Student: 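To start, I am sharing the structure in question, which I have written as C-alpha cells.
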There are 2 protein chains.
Amino acid sequence: MSCAPACFPVNGCPALGVAPSSPASSLLSTMTATRRREAPGTLRKPALSSRGSAHRDKVTPFWSIFDRILCDCFCATRNPGGIVNMGIANNYLMEAELLDFFHRHLELHPSDLTYGTSLFGSTRLFRAFCKHYNSPAFSPIKPVTPDQLLTGPGCGSLLDQVFEHLADAHDGVLIAAPYYNGFEADLSCRSNVECVPVYSDMGDGTEAASFEGATALRGFEATQRAWLEQHPGQQIRAVVVCNPNNPVGRCYTRSALVEYGSFAEKHDLHLVFDEIYALSTFESHSDEQPTQPFISALSIDWAVEAGCHPARLHVLSSASKDFGLNGFRIGTFVSQNNEDLIRAMKATSKLYMVSSPADALFAAIIHDEGFHRDFVATNRARMAQAYDLVTRWCRHHSIGYTPTNAGHFVLVDLERFLPDQVDGHELAQEEREGALWAKALENKVSITPGSNYRHPHTGTFRLTFTLGRPALLEGLSRLEAALALLHWTAPDEVQVEMKGMEGEVPAAGDLEQAQWASMHRRPSISTSLVDAAAATHISAEARSRDSSTDSALSKVLAATEMLKNRPCAC
Amino acid sequence: MSCAPACFPVNGCPALGVAPSSPASSLLSTMTATRRREAPGTLRKPALSSRGSAHRDKVTPFWSIFDRILCDCFCATRNPGGIVNMGIANNYLMEAELLDFFHRHLELHPSDLTYGTSLFGSTRLFRAFCKHYNSPAFSPIKPVTPDQLLTGPGCGSLLDQVFEHLADAHDGVLIAAPYYNGFEADLSCRSNVECVPVYSDMGDGTEAASFEGATALRGFEATQRAWLEQHPGQQIRAVVVCNPNNPVGRCYTRSALVEYGSFAEKHDLHLVFDEIYALSTFESHSDEQPTQPFISALSIDWAVEAGCHPARLHVLSSASKDFGLNGFRIGTFVSQNNEDLIRAMKATSKLYMVSSPADALFAAIIHDEGFHRDFVATNRARMAQAYDLVTRWCRHHSIGYTPTNAGHFVLVDLERFLPDQVDGHELAQEEREGALWAKALENKVSITPGSNYRHPHTGTFRLTFTLGRPALLEGLSRLEAALALLHWTAPDEVQVEMKGMEGEVPAAGDLEQAQWASMHRRPSISTSLVDAAAATHISAEARSRDSSTDSALSKVLAATEMLKNRPCAC
C-alpha cells in the first residue's frame with residue numbers, strides 16, 4: 001500500500017495548518033502564514049458559539065509541538081534525528097508479536113461492515129471483555145456479564161461520558177495527587193467537571209503509605225470540605241482511583257480500596273476505578289520494587305467489606321495499555337450494580353462506537369488463549385527487563401526514583417538538574433520544570449514534568465520505559481546530554497522471546513525500523529522545536545519581564561505556559 | 001476464531017439486561033427481572049446527575065426492539081426467521097468484494113499500535129480523505145489539504161462536536177423536512193441543539209422544486225422568524241443541508257445550493273453540508289428517475305457565486321455509506337476557510353479518535369485506484385438494479401414512491417394500508433403509522449415511518465433497497481403479507497460482477513449466509529417483539545384509554561410512543 005498522496009506534497013503537516021505550498025522548514029513561518037487569510041470583500045465572517053470559542057482558545061500553537069513529537073518519531077535506522085518519546089505511555093515492547101498476530105488473524109464478518117450485532121456495541125466485543133474480566137487477574141465476586149458493560153473509543157471517551165452522567169457541570173471529583181494528567185482533559189472537555197487534587201498530608205503521595213489502608217485517604221476529608229466551601233452550590237460527586245496508579249506505578253492494598261469504599265458511602269459519592277494497567281504489573285530483579293499485587297475493584301464485596309452500596313462502583317479498562325493498542329481505540333466501562341448508569345451510558349455511547357476491525361482483532365487475542373497467556377507473560381518479562389535497565393541508569397547517575405511494579409513509567413527526581421535562571425533572570429519554581437523539559441526536547445527526547453500530574457515535588461519527571469531497547473538506550477543517552485551527565489554503557493541483555501510464535505518475529509524496535517519509512521514521510525525538524533514555538537507564543541508575563549521574544553527566558557516562560565495546558569495526556 | 005464466551009451462556013443479550021442465568025424466552029420476563037435487584041441493607045443507592053438522569057430516561061425498554069432488529073438479522077439459510085432490516089441505511093451490495101479486499105490488504109504499521117502519527121488524527125487517513133475529496137466527484141474549487149479536515153468515529157460523532165462549537169445550548173438549526181432522523185439525536189444528545197424542521201409551503205418537501213433554485217428555500221424565512229419569536233434569547237445558528245438527501249434520495253441543483261449560501265449570509269448562519277451519500281448516485285432503467293447529479297459544496301465559489309463568506313461552509317462525509325462501512329466508524333469534517341472551527345474541533349476530536357485498523361483498511365481502498373474505481377462503478381450498477389427491483393414491486397402493487405437517483409432508500413406511500421382503528425378504537429393520525437410499523441415488524445420486516453423524518457404526509461415509509469437480493473426479495477414478500485397483498489414474483493436478473501476481482505467472490509448476500517452462523521448465536525425471538533415491548537411500557541395515554549395492557553390498542557399506542565424517541569437513526 002502506498003501512502004503517497006495524489007494531490008498535495010507529502011510534507012504538509014495537518015496539525016500545523018501547513019498549506020501544501022508552504023515551506024515546512026519552520027513552525028514560525030507556517031503559523032504566521034495561516035493567520036494572514038482575510039475574509040473576502042465585505043462578507044461577514046461567522047462567529048463560533050461561546051463554548052466553541054472556549055474550545056478554540058485551548059488550542060494554542062504549542063499543541064503543534066506535541067503533534068511534532070508524535071509525527072517525528074525516533075527510529076534508529078530511518079529517522080535517527082527524530083524525537084524519542086519517553087513522555088507518553090505507549091508500550092512498544094510487544095509490537096512485533098502483535099503485528100504478526102494481526103496480519104494472520106483478521107476475520108471480518110458481514111456484520112462488521114454494517115451497524116453490527118447490537119444497538120449498543122458489538123456482542124463479540126462484549127463477550128471478549130467479559131472473558132477478560134472473568135479471569136484470575138480480576139477475580140470478580142460475581143461474573144461480569146454483557147449487560148453490565150459498554151464500550152467506547154478509549155477510556156478518555158468513556159470518562160467523558162461517565163462524568164456527564166455522574167456529575168453536573170462545575171461539580172468536583174476527588175483524585176489523589178499525583179494523578180494521570182489526562183483526567184482533567186477527559187472530565188472537563190465536554191462534561192465541564194472539575195478534578196480536585198487531594199494532597200496527602202504525610203508525604204508526596206508516591207510512598208507506600210499512600211496506597212495502604214486508611215492512610216491512602218488522608219487529605220480527602222479536608223480537601224472535600226475546603227472545596228465545597230469555595231464552591232457554594234456545587235457538589236463533589238465522585239472519587240476517581242487509578243489502580244495500578246499512573247504516574248506512580250504502584251497498586252493499592254485491599255484495605256486501601258475498602259477505605260475508599262467507606263469514604264464514598266459516607267459522603268454519598270460514586271467511586272470510579274481506572275484499571276487500565278491491570279495486567280501491566282511485573283516483577284523485576286530490583287530489590288527495591290514494591291510487592292503489592294493488583295487487586296481489582298471487581299473482586300471486592302463492597303457492601304460486606306466496605307459498607308458501601310455496590311451501585312457506587314464503576315470500573316474502566318481498555319485494550320490501550322495492557323495490550324499495547326492505544327491506536328485501536330477500544331475502551332470498556334463496567335458497572336455491575338447500577339442499571340441507571342448503564343442506561344445513561346447507552347444513550348450517549350451510541351455516538352462513539354468502537355470500530356469493527358479493531359474489535360475483531362482484539363477479540364481474536366482474547367479468544368486465543370495460548371497467545372493471550374504467552375503475550376501477557378512475555379510483556380511482563382520485557383517490562384521488568386526495561387524497568388531494570390532504566391533504574392540501573394538512575395542508580396548509576398544517582399538519580400532518585402519511585403520504585404514501581406506496574407505501569408509503563410517511573411517517576412524520577414531531576415530536581416538537582418533544574419535551571420535556577422536563564423539569561424540572568426531568576427526562574428520561578430514552576431518555570432524550572434518547563435526549562436528542563438524544553439532542554440530535554442532540544443536534545444530530542446520527550447519526558448513529562450511532574451507538575452503535569454500535580455506532583456507536589458518540583459523536579460519530578462515521568463519517564464516511560466516500555467520502549468524497544470534501541471529507542472530506550474537512545475532516549476537515556478539524550479537525557480544524559482540534556483542533564484550534562486557522562487554516558488553510561490548499558491550491559492548486554494538477551495531479548496525475552498515469546499513462546500508459541502510461528503516463524504521468526506523481529507525483536508521489538510527492529511520492526512519499527514523496517515516499516516517506519518512507508519509511514520513517516522514528513523521532513524525532520526530543521527529548527528528547534530522549542531525555539532520556534534516559544535517565539536510565536538510568548539506569555540504576557542514573559543513579555544513584561546523581557547521585551548525580546550527570542551530570549552532564552554521567553555522560551556522557558558512560554559514552555560511553562562504551554563505545559564499548563566498540555567494537550568497530549570497519555 | 002471462536003466467539004463462544006468462556007463464562008456465560010451465549011444466549012445472554014447485553015442490550016436487554018439479560019443475566020446469564022435468565023431465560024431468554026421473553027423480553028417481558030427479563031425486563032421485569034432486572035428491575036427486581038434491591039439495594040442491600042441500609043446502604044444508600046447513589047443518584048446520577050440531573051443530566052445523567054435525563055439521558056437514562058431516554059433509554060426505554062423499547063430500545064430493546066431496535067437492538068433485536070440488529071441482532072436477529074435475517075439470513076436465508078442460517079436465520080430465515082430473522083428480521084429483514086429495510087429500516088436502516090446499510091448497504092450490503094458490495095460486502096463480498098469488501099471482505100475479500102480487506103482480508104488481503106491489512107497492513108498495520110507499528111504506529112498503528114500507538115497514538116499514531118499526529119495529535120489530531122492519522123496522517124494516512126487525512127491524506128486518504130484529501131485524495132477522496134480532490135477527485136472529480138467533489139471537484140473542489142481549491143484542493144482540500146490535511147489542515148482543513150479532521151476525522152472522528154462517524155458523522156454522528158462529528159455532528160455532535162460541530163454543533164457544540166457552532167451553537168450554544170438550546171440554539172436552533174434549520175433543516176428542510178423531511179430530514180434524516182439521526183440529526184436530532186446527534187445534535188441534541190450532548191450538545192443540546194434543537195433541529196428546527198422547515199416545511200415547504202408548496203409541497204411535501206420531496207418534489208423536484210424543493211431541490212431547485214429559490215424554491216428550495218421556501219419556508220425558511222418564515223420558520224426562522226416564528227422560531228425566534230417562540231424562543232426569546234436563543235439564536236438560529238446554522239442550516240444543515242443533506243445532499244444527496246436522506247430520506248428523499250434527490251440531489252440539489254447548483255442554484256439551490258447557491259440560494260442556501262445567500263440565505264446563510266443574510267442571516268449570519270453557518271451552512272453544514274452532510275454529503276455522506278456523495279458517491280451513492282446511480283442511473284436506473286426507470287423512466288421516472290430524477291437526473292440531477294450530485295454537486296458538492298466544495299465545488300462552489302461561495303463568495304463569488306452566492307455572496308457568502310466561505311468560512312460559513314462546512315462539509316461532512318464518511319466511509320459509512322459510500323463504501324458500505326458503517327461498522328468501521330470513520331467520518332470526516334472539512335472546513336476550508338474557518339481556522340477557528342478547525343481549532344475548536346481539534347480540542348474535542350482528541351476524545352473520539354478513529355481506530356487505526358479501520359483507517360488502514362479504508363486508506364487501502366482509497367489508494368488502490370483500480371479497486372476504488374471498479375468498486376464505485378459496481379456499487380452504482382447494483383444500486384440501480386436493486387432500485388429497479390423495488391420500484392417495479394411498487395408499480396406492480398400500485399404503491400406510489402418518490403423517484404430517486406441517490407441514497408440507499410426510497411420513500412413509498414403506504415397511506416392506503418394504514419389501519420383506522422384497533423379493537424374498535426379509532427386511531428389518531430400519528431398512531432396509524434405506528435400501527436403499520438408494528439404490523440410489518442410482526443411480519444419480521446423493519447421499515448421506517450415517515451414521521452420519523454418529519455415527513456408531513458402520514459403514511460409515507462422509507463424502504464432501504466441496498467440489500468442482497470435474497471434479503472430484498474424476502475423483505476418485499478413479508479411486506480406483502482403485512483399489507484395483505486398478493487405475492488409478486490420478481491423477474492430473474494444477473495448479478496453485476498465487479499471487474500478486477502481476484503478469484504471467485506460470492507454474490508452479495510451469499511457470504512452473509514455462509515458466515516452468519518459464527519457470529520449470531522442468539523436464539524430467534526419466540527414471542528412477538530411488539531407484543532412484549534408494548535406490554536412492558538404502556539403510555540399514560542394508552543392506560544387512560546384502555547385499562548388492559550395487552551390489548552391491540554395499547555400495543556399500537558406504545559409503538560407510536562416509541563417511534564417518537566427512536567434510538568436507531570441511520
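Here is the naming used below: chain letters follow the sequence lines, and residue numbers restart at 1 for every chain. FYI, side chains are in, hydrogens and waters are out, and symmetry mates aren't considered; it's all heavy atoms of this structure. Please read these numbers as outputs of a predicted model, since none were measured by experiment.
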Student: Contact part of A:Arg51 toward chain B, heavy-atom cut-off under 4.5 Å: side chain, backbone, both or neither?
Tutor: both

Student: Can you confirm whether the side chains of B:Asn326 and A:Thr114 place a donor and an acceptor under 3.5 Å from each other?
Tutor: no

Student: Under a 4.5 Å heavy-atom cut-off, does chain A meet the side chain of B:Leu106, its backbone, both or neither?
Tutor: both

Student: Counting heavy-atom pairs closer than 4.5 Å to chain A, which one of B:Glu164, B:Gln161, B:Met345 comes out on top?
Tutor: B:Glu164

Student: So, for A:His55 and B:Ala347, which heavy atoms are closest and what is the spacing to 0.1 Å?
Tutor: O-CB, 3.5 Å

Student: Of the listed residues (A:Gly152, A:Ser320, A:Gly307), which shares the most heavy-atom pairs with chain B below a 4.5 Å separation?
Tutor: A:Gly307

Student: Salt bridge or not for B:Lys350 and A:Asp160, using N-O below 4.0 Å?
Tutor: no

Student: So do the side chains of A:Leu113 and B:Phe328 get within less than 4.5 Å of each other, counting heavy atoms only?
Tutor: yes

Student: Just wondering, do A:Arg44 and B:His309 contact through their side chains at under 4.5 Å, heavy atoms?
Tutor: no

Student: Roughly how far, to the nearest 0.5 Å, is CG of A:Asn338 from CG of B:Leu48?
Tutor: 6.0 Å

Student: State, to 0.1 Å, how close B:Ala47 and A:His270 come at their nearest heavy-atom pair, and which atoms those are.
Tutor: O-NE2, 2.8 Å

Student: Examine whether an atom of B:Arg312 lies under 4.5 Å from a heavy atom of chain A, and if so say whether it belongs to the side chain, the backbone or both; otherwise answer neither.
Tutor: both

Student: Report which part of B:Tyr133 has an atom under 4.5 Å of a heavy atom belonging to chain A: side chain, backbone, both, or neither.
Tutor: neither

Student: Measure the OH-CG distance between A:Tyr115 and B:Leu70 for me, rounded to the nearest 0.5 Å.
Tutor: 10.0 Å

Student: Would you say the side chains of A:Arg190 and B:Ser191 form a donor-acceptor pair under 3.5 Å?
Tutor: yes

Student: Can you tell which of A:Ala264, A:Gly324, A:Ala167 has the highest number of heavy-atom pairs within less than 4.5 Å of chain B?
Tutor: A:Ala167

Student: What part of B:Val354 gets within 4.5 angstrom of chain A, counting heavy atoms only: side chain, backbone, both, or neither?
Tutor: backbone

Student: Verify the distance criterion only: is there a donor paired with an acceptor across the side chains of A:Ser118 and B:Asp67 at less than 3.5 Å?
Tutor: yes

Student: Given a strict heavy-atom distance threshold of 4.5 Å, which part of A:Leu341 is in contact with chain B: side chain, backbone, both, or neither?
Tutor: both

Student: Given that the side chain runs from C-beta out, which part of B:Ser135 has a heavy atom under 4.5 Å from chain A: side chain, backbone, both or neither?
Tutor: neither

Student: Can you tell me which portion of B:Ala169 sits under 4.5 Å from chain A's heavy atoms? Options are side chain, backbone, both or neither.
Tutor: both

Student: Side chain, backbone, both or neither: which part of B:Leu98 has a heavy atom under 4.5 Å from chain A?
Tutor: side chain

